[in-house]
Structure formats: structure tokens, C-alpha cells
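When a ligand or atom number is given, it counts from 1 through the structure's own listing order.
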Amino acid sequence: MVVSSATIDSLLKEKEEYPPPKSFRKDAWIHDPKVPREAAADPERYWADRAKELVWIKKWSKVLEWKAPFAKWFVGGQINVSQNCLDRHLDSPRRNKAAIVWEGEPGDRRVLTYQMVWREVNRFANVLKRLGVKRGDRVTIYLPAIPELPIAMLACARIGAIHSVIFAGFSAKAIQDRAEDCHSEVIITADGGYRRGNVVPLKKTVDEAVEDLPFVRHVVVYQRTKEPVSMKKGRDVWWHEAISDVDDFCEPVPMAATDPLFVLYTSGTTGRPKGVLHSTGGYLVGAATTHRLIFDVKDRDLYWCTADIGWVTGHTYIVYGPLANGATSFLYEGAPDWPQPDRFWSIIESYGVTILYTAPTAIRAFMRWGDEWPKKHDLSTLRLLGTVGEPINPEAWRWYHKTIGGGRCPIVDTWWQTETGMILLTPLPGLTTLKPGSATHPFPGIAAEVVDENGRPVPVNKGGYLVISKPWPAMLMTLYNDPERYQQVYWSQVPGKYFTGDGARVDEDGCFWLMGRIDDVLNVAGHRIGTMEVESALVSHPSVAEAAVVGKPHALKGQSLVAYVVLKGGAARSESLSQELRDHVRKEIGAIAVPDDIYVTEKLPKTRSGKIMRRVIRSLVSGQEIGDTTTLEDPGAVEEVRKWLAEVETGGA
Ligand code: WTA
């Protein structure tokens, strides 16, 4: 990585401020500035106090054991996540409270109380046991957004199996790579799911994936669409048949706080996704605490996080955080514009949603679809809004605040990552004065800083690298089977501090302004995609010799992918080849990784040492200023790449 802090000075300099409304502040969980102050003075004590709010089978003996880069939280403690998310609510009035309120894309509805989810989880845990799943085994889950997805996750947690949820938009090849990496012998899927009125054939995709995975013993299939699927005898099992004759109770297994709960694959700067491994005790403490305090969740709320459970946001803020807090979590299966662009607003009106957590890319799409869609609906139940996934542009922030929040709802702009497991930078809605476009301050107990390439703090309003200087409970344990990569990616840039890969600045009030990734990871429509993954997919096509993939600003998606490819001798450039390459990337990774533009070129601009000049290409494509580091590398490079780009994009290369 060769970026100097001078190159990432922020362009956003907003002066607008929104203090918390008095009425909101009055009842908020946190409204006293002494909370973050006290947490900062003694973070371990703060987290130990939060941990006491959960049910422990055995109390911990040590809050934190920190042998950089490995942190162990609540050492000696034993806990079961499914017991905390379910069993403990059964002795309270929450027993018959809705845990999950669900709407399918075709309009079907289901409401599951805590007691009902508990029963299904117990039964499905017994199914898994019968299929030979044991504590520590990995289970791959590839399901649509239906209640069976959290049920399957919690069933794994109940018996101590490690789940690996794969976003249902990923391809067979992506499932294969992930299942192989963690050697998962059981896969849970559905016949299909609904998306924009179409049936997504999930079982068919899994069949393709497991063809080359001889170690997969069982595929459990939930019947969602009732489309015909092929079932392999001895291997494939119907969910409804398997669950019909098991016991209603499965003892929750006492897990060490430091045992892994799940692995979740995410993009990095190489072609191979990283298996981010999260712990049991620390993760749950982080998830439950941040969910309750940041979203200010109360028993009467209907909370809706619109993320997909296949991403970390869904893990922490649809499943584990809300259920640990005994909240009601709303789950929707389909697309926001199906059958019309007011689907979200009609859901909010019809169920009385009070808290909405969504992504800037969705907000920008809603803005573009027009105010008439939200205006058709009564959104007055909403009292708090949230965003996540990328920096929100102040214009979109203001629209969200006014048009959706009616000017009365605070917005929590939450910054975090798959690796962090929980939100780390965020406003506290009853305490923080909001600035559109800023994720404001570290959560209580979190130490964040912006530093230069030597790890020294940068002056106020100067851009630099965002690092986290102390361990936090939900931080990743390691990368699955790859502690060296863990150490190298996160802990080698700035010794002793967690390197986030994001650029940021801190303003005169101590507010953090995020400025995007500084590595080769892009954020396309809220999905994290490594440019190297897309490049590897492209070069795995028989006609492609070399590829360079960069991001370019996109009005809706934040960024879009642009690919430059060099063909192998003999391959001819054609429209059909471009289509073939698109299909190929879709097959290798999934639709989310398909480049918007593919240019064929005879050569890629390279440094003297033979490295593709991605940074220069990226800067020029995105219209950014070129940083001094790159120009110093090779003063002629920028001109050379500029000329090359002009030729390629007019098709003259
Ligand atoms: C970006 C999603 C600015 C950031 C939870 C981070 C954000 C990456 C914000 C992680 C935000 C997330 N403001 N940027 N509020 N939230 N990001 O792993 O670049 O899918 O590193 O986790 O998203 O993406 P991931």
C-alpha cells in the first residue's frame, strides 16, 4: 500500500449540526456524557459491567488477556449464545413477544414469538446432531432471508458448531471456495428464494458447488418455493422431514467465551476471501451492548435492519444483538423496489416499524425513485434511523432525515467492519450532536485514532489511517486457519494497533469523518469487494491474459467496477466476449462483482518493476488528485497512464 496521508484529505467540510431532540434524550438509554467518559477511563470495567447483563454458565476469571495481536475476552467464562438469545427470555413476559416478524417477497407473513423460535431452534439443533454435527464442526448456511436462517444459526450456536453463512447472491464457485476453506461437511439451503419476482434456484447452485466437494456429507433443504429440485439419496435431507420426529429440547452446550461462534468470509486485497473468525462471549457482549445502546432499543420497538443476514450487519444487528436484547427484529426477504419502489415504506406503515437501519446506497436509490413513494405512506411510527456500509453523503443524510424521519428522528451513522463484529464509531442518539456525513465518536470503551504511515497521530482535520488502539470485545479472533495473514493484514502496518484499511480525519470537535478504503477493497452498493478477487475471476477465463480492476464513483452504488483486460494471443475483442466475461465473473463470484465497464486493451500500464499501476489508474478513473507518493514513484507514470486511458476508453488501444 502506497498512499500518503496527504492524498486523502477530506473534501467534506460540513458545518450543520443536529443536537438530540429533547424528547428523545429524555428516555434514551444513554443521555449522560459521563458514560463515555467513565468507559474511556476503564474500558475493561465498562465491558465487564456489560457482560454481567448476559447469562453466564460460568463467570469469567479474567476480563481481557491481551497478547498482541490475539485478544481473549472473558477468559475462563462459559456461555451459550442461543441460551442468551432465547431461553432466558422464556421466564419473562417476553416469552410470548414477537422475536421475528417476517415478510416474504410475495407478501406472505410470519410472526414467531420467542417461545416459537426457541422450540424451532431446539428441534433443528437435534436434527444437526442426528446428522453427526459436533461441537467445533463447521456448517455452511446458504439460505434466503427467511426465519429458518436465524433458526439455523442459533441451532449451530446451541450445539457449539461454527456457522459460515454465505450470502444467497454468491455463486457455486464462491460456496465451493468457502466450504473448502473451512471444511464444512454439512450445508443448509432451500429449494429457492424470491428476488424481484423471480425464483433464485439455491439448491441447484449448491448442487453445483458440492460436485467437487467429496467431504460434504449432508445438504439440508428447506422447502420455500416448492419448485422441483433434485435430491441426492443418502446426502440430501428435507428440513421438514428431518424435523418432524426429533425431540423438542436440546441442551445448550456450555461454550468457552473464547470458543469460536462463527466464521464469515469477507473480501481482502488478495484473490482469496478471508475467513473472519468471531468469538462466543466477547462477540455477544459487543453485539448486545451496541445494539441496545446505539439503537436505543426498548420493548415496544419494532426494529428493522434491512441488511442481508449473509453480511456481518445481518449477523450482529438482525440476529444476535436484537435477540440477546429480547427485541423484535423485522426480517424482509426481497428487494426494496418490488413490486414497486415503496415496498419499504409500505412495510413501515403496515407493521409500525420504529427503528430503521439501512445503507446509504439504498437511500440514494430511494432519493432517485422520488419523494412520491415515501409520501404515500404514514411513516410517523419511526423514531430513530441508522446507516452503515459506506460514508453517507450529506445530501442523502438530509433527505433521509427530512423525508423519511420527518425531521424528528436522530440518525446514527455507524462505522464498523466484518472484522470488528460490532459498531465502533457512532453517535449515541440521546447524547451526540450529529453532523451529516460524520460517524462522530468512538463507542464508549473504544479507542480510535487517525495516524500517519509511521503510526503518529495526525493534526486536527488532516487525513490519515484509522486505527483502533485497544482491543474490544467483538474483535475478530483471527482468520480461519491463517494466523499469519491475520497478523500481516491487521497488525503489521502500525505495530500494536488494529489497522482498519480506512482513511479518516478527526475534526476540531473530535468527530470522525470516514474517507473510504485506502487499499484495493471497494464498496459497491454496500457490498465489500476486493478488486483482486474480480481480477482473479477474469484471468481464470481462457481468453484473458491479464486484468486490472479499479473503482469509479457511481451516483447510486457509491462505487462501480471498471475492468481493463488484456486478451491472450488470438482472442478477438467482441461484444459477445464482453458478455461472456460478465457471465464468467457472475459464475465465479456472483452478480455483485460483475464490472459495469469492461475495456479490452493491448497492454496494462506497469511500473519498471512490472507491477500494474492500479493506484494511478484508479486515481485517474475516479477523477481524484494524484497523491505525491505515486508521482514520486515515477514522474512520467501519470502522463503515461492518462494517455493509455484515453486510448483504451475510446477503443483505440
Ligand atoms: C465501510 C460492514 C463510512 C468501511 C459493516 C469499512 C463505512 C467497510 C461505514 C466494512 C460508515 C462501513 N461510514 N464507511 N458508517 N460503515 N464502512 O466488512 O470502508 O462489509 O472498512 O462491514 O465498509 O465493510 P464490511
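The side-chain tip of R50 points at the ring of Y46 from less than 6.0 angstrom away and within 45° of straight on. The side-chain tip of R178 points at the ring of F170 from less than 6.0 angstrom away and within 45° of straight on.
Heavy atoms of W416 approach ligand 1 to within less than 4.0 angstrom. Ligand 1 has at least one atom lying under 4.0 Å from a heavy atom of G389.
Residue-ligand proximity, L514 to ligand 1, at heavy-atom distances under 4.0 Å covers atoms 3 (C). Those atoms of ligand 1 that come under 4.0 Å of a heavy atom in T418, given as number and element, are 18 (O), 20 (O), 22 (O), 25 (P). Which parts of ligand 1 touch T414 is read off a 4.0 Å heavy-atom cut-off, strictly below it: atoms 9 (C), 11 (C), 15 (N), 16 (N). Those atoms of ligand 1 with a heavy atom of N523 less than 4.0 angstrom away are 1 (C), 23 (O).
Residues H401 and Y18 place their aromatic rings such that the two centres sit under 6.0 Å apart. Centroid-to-centroid, the aromatic rings of W472 and F443 stay 6.0 Å apart or farther. Taking the six-membered ring for Trp and the full ring otherwise, F344 and W304 have centroids separated by under 6.0 Å. Taking the six-membered ring where the residue is Trp, the centroids of W102 and F330 are separated by 6.0 Å or more.
Atom 19 (O) of ligand 1 has as its closest protein heavy atom D502 OD2, 2.8 Å.
When the heavy-atom distances from atom 11 (C) of ligand 1 to H527, Q417, R517, E390 are ranked, the shortest goes to E390.
Backbone and side-chain nitrogen or oxygen atoms of T387 are examined, and none is located within less than 3.5 angstrom of a nitrogen or oxygen of ligand 1. Of the polar atoms of T313, none of the N or O atoms is found under 3.5 Å from an N or O of ligand 1, judged by distance alone. At a 3.5 angstrom cut-off on N or O pairs, R528 counts as close to ligand 1.
By the 30° and 60° cut-offs, the orientation of the rings of Y303 relative to F295 is perpendicular. In this structure, F262 and H163 have parallel ring planes: the angle between them is below the 30° cut-off, well short of the 60° mark.
When heavy-atom distances to ligand 1 are checked against a 4.0 Å cut-off, P391 comes that close through both its backbone and its side chain.
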